[in-house]
Each structure stands twice: as C-alpha cells, then as structure tokens.
Amino acid sequence: MKNLIMKACFLFVLVLLGCSKDEFHDPVGEVADNTYYIMDQEDGTYSGIKISSTSDNNAFTIPEPTIDRLSFKGAYLYDGRLLINLNWNALCDETGMCGGAEIKQTTATYGYHFVMCPAAMVAEDNNAIFEGTIVEVISKWGDVPNFDVNWRFCFNVIDNANGTGFEHDKISKTMMFGSPMSPLMSSMYPPGHNIWSSKGYNDVMPPGFVEVSHNPEIPVD
C-alpha cells in the first residue's frame, strides 16, 4: 500500500506540474509588506495568527541548490475533526528542484484546496521542511488567510521509518503561509526550530507516510 501511495503521488506531480529544473514562479502584483500566517492546530482545528513586517530589505530569494540529492515525498490523510489531505513529491539536486504538492483542508468554518511547486526543501537527517509556491488555487472559502497564487506554504515532517520501536512518521501541527515577497520561511525556521515543535506533531498513519532520502539512487530505465 505504501508503494502504491508513493507511485500515485509521483504520477500526480509529474502529470499536473511537470518536472522542470530552475523554473520558479516570480511574485506578481504589489506587496506592501512581508506577511506570514502561522496556522496552529488546537483541539482538532486550525487558527491563524497574522505576522507582518514593513521592511522591504528582504527580497524573495531561492537558496543555493544542495550539493546532495534530496528526495522528499509523503502523504498525510486525516479524517477526524480536521479533514486534511496533503500529498507531496519533490526532488532537489545540484541543478535545482522539481516536483510538487497538493493540499485540501476542510473545517467547520473554512476550507481551501491548492497546488504547489517546490520553492525550498531543507533536511537535517530525517527532519525536513517543505516550502511550496502556490501555482493554482482550486478553491477557498470561509475564514481563511488572505493567500493567493504566488504565496508560499510551509510545513515540517519527520521520517521515522528507520527509527526504533513503533514510532510513526510525524507532521507538524504548525503550518505557515508566506506572502510572495517575504523571505523564505524554511530559511528563518529550519528543521529543529522550536516554532515547529511548540505545538507538537501529529502521527502520520498508514496509508500516509513520510520519506526523506539523502542521495537516493537514480532510477535506471
């Protein structure tokens, strides 16, 4: 089942977004300030806190490509009080990044559904950050952050596949939105930063999974 989910996620990414190196979506429109929404999960729902900075000294930047190949994929499917489906599959190497992600979330007061391409991937051992640039907003309604295309979305996961005992993979209860011209969230809040652990983590239960692979082998056709 895990392999099936992985293959489905990979096919979704390639078909919907393609796989292009060094291709990024530039911010559009006028952005008066750098705005972030920190989405923290409490009692089965998310609440957003808006943080703004009027400084224009921080330009939107892409981090230098990693010298190692990093494969980062997973799926989080939750059907409790908070309905969320999150799938991602991306690759980063010395030439850039390719892949994508999709999230659909529904609560009693709001919902959203959008597609992303990778803006940054940062990993320390099995602890990783995925930050995506929104390329398509399929739907949004209710009391949601005021995001749109070219905004970014960021979350933290932990791959416990090689851990001991019966510990599940983890996904942060904290997720973040960032406006187009704001600095990369993954640069300000890397793996291990307490902003991700302060609210704790949810277990990623099967058929969901998290896979963080450093220097994976290149498939041979």
Side-chain angles (χ1 to χ4, degrees), residues 5-28 36 39 59-76 84-105 112-124 126-138 147-159 169 171-172 174-191 193 196 204 208-216 218-219:
I5 296 292
M6 290 169 59
K7 291 178 181 178
C9 183
F10 181 72
L11 289 175
F12 160 77
V13 168
L14 292 185
V15 172
L16 188 59
L17 296 178
C19 186
S20 58
K21 298 291 186 178
D22 294 324
E23 181 178 337
F24 303 103
H25 295 258
D26 294 329
V28 296
Y36 301 95
M39 308 294 290
F60 181 89
T61 59
I62 300 298
E64 290 294 327
T66 177
I67 60 175
D68 299 323
R69 288 175 57 88
L70 174 63
S71 175
F72 188 17
K73 60 187 73 174
Y76 178 57
I84 180 171
N85 289 283
L86 173 59
N87 297 275
W88 67 96
N89 189 338
L91 175 69
C92 181
D93 61 18
E94 67 281 357
T95 65
M97 291 175 285
C98 66
E102 180 180 15
I103 183 170
K104 183 177 183 180
Q105 182 172 324
Y112 51 72
H113 183 188
F114 56 83
V115 177
M116 299 170 277
C117 68
M121 297 161 55
V122 183
E124 295 181 4
N126 64 336
N127 192 333
I129 304 290
F130 181 91
E131 183 166 353
T133 299
I134 299 174
V135 295
E136 180 183 5
V137 178
I138 298 172
F147 69 87
D148 208 333
V149 171
N150 293 309
W151 278 64
R152 285 169 288 110
F153 183 76
C154 191
F155 59 91
N156 175 219
V157 294
I158 298 175
D159 179 1
D169 295 334
I171 186 168
S172 57
T174 295
M175 299 179 179
M176 298 181 67
F177 286 94
S179 61
M181 292 301 293
S182 62
L184 288 166
M185 295 170 281
S186 53
S187 296
M188 297 186 296
Y189 308 113
H193 194 283
W196 303 114
V204 179
F209 70 98
V210 173
E211 182 178 312
V212 180
S213 300
H214 298 266
N215 296 308
I218 302 175

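Numbering starts at 1 and runs along the sequence shown. The figures here come from the full heavy-atom set of this structure, side chains too, leaving out hydrogens, waters and symmetry mates.
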remark   = The reported gap from CD1 in Ile171 to CD1 in Ile84 (rounded to nearest 0.5 angstrom) is 6.0 Å

query = Would you call the rings of Phe177 and Phe147 parallel, tilted or perpendicular if under 30° counts as parallel and over 60° as perpendicular?
reply = parallel

message = Set out, in order, the CA-CA distance, both residues' side-chain angles and the distance that settles side-chain contact (heavy atoms from CB on, under 4.5 Å) for Tyr36 and Ser182, then state yes or no.
response = CA-CA 8 Å; Tyr36 301 95; Ser182 62; 3.2 Å; yes

SG on Cys98 to CG on Asp93, rounded to 0.5 Å = 7.5 Å

remark   = Tightest non-hydrogen contact, residues Ser186 and Ala120, listed as OG-CB, 3.4 Å

query = Quick one: ring pair (Phe, Tyr, Trp, His ring centres under 6.0 Å) partners of His193, sequence neighbours excluded?
reply = Tyr189

key: Minimum side-chain heavy-atom gap Glu131-Leu184 below 4.5 Å   = yes

ask   = So, does Arg152 use its side chain to make a donor-acceptor pair with the main chain of Ala119 at under 3.5 Å?
value = no

inquiry  = I'd like to know if the side chain of Asn126 reaches the main chain of Asp159, judged simply by a donor and an acceptor atom lying under 3.5 Å from each other, with no hydrogens or angles considered.
reply    = yes

task = Start with the C-alpha gap between His113 and Gln105, add the side-chain angles, then the distance that decides, and say whether side-chain hydrogen bond (donor to acceptor under 3.5 Å, both in side chains) holds.
result = CA-CA 6 Å; His113 183 188; Gln105 182 172 324; over 6 Å; no

query = Is Asn156 reaching over with its side chain to a backbone N or O of Ala128, donor-acceptor style, under 3.5 angstrom?
reply = yes

message = I need the Glu102 CD to Trp88 CH2 distance, nearest 0.5 Å.
response = 13.0 Å

request  = Working to the nearest 0.5 Å, report the span between CZ of Phe72 and CE of Met97.
outcome  = 12.5 Å

ask   = Do Phe155 and Tyr76 make the cut of ring centroids closer than 6.0 angstrom?
value = no

task = Grab the two heavy atoms, one from Pro191 and one from Glu124, that are nearest each other, plus how far apart they are.
result = O-OE1, 3.7 Å

query = Checking Asn89 side chain against Lys73 main chain: does a donor-acceptor pair fall under 3.5 Å?
reply = no

inquiry  = Measuring from atom CE of Met176 to atom CH2 of Trp151, what distance do you get when rounded to the nearest 0.5 angstrom?
reply    = 11.0 Å

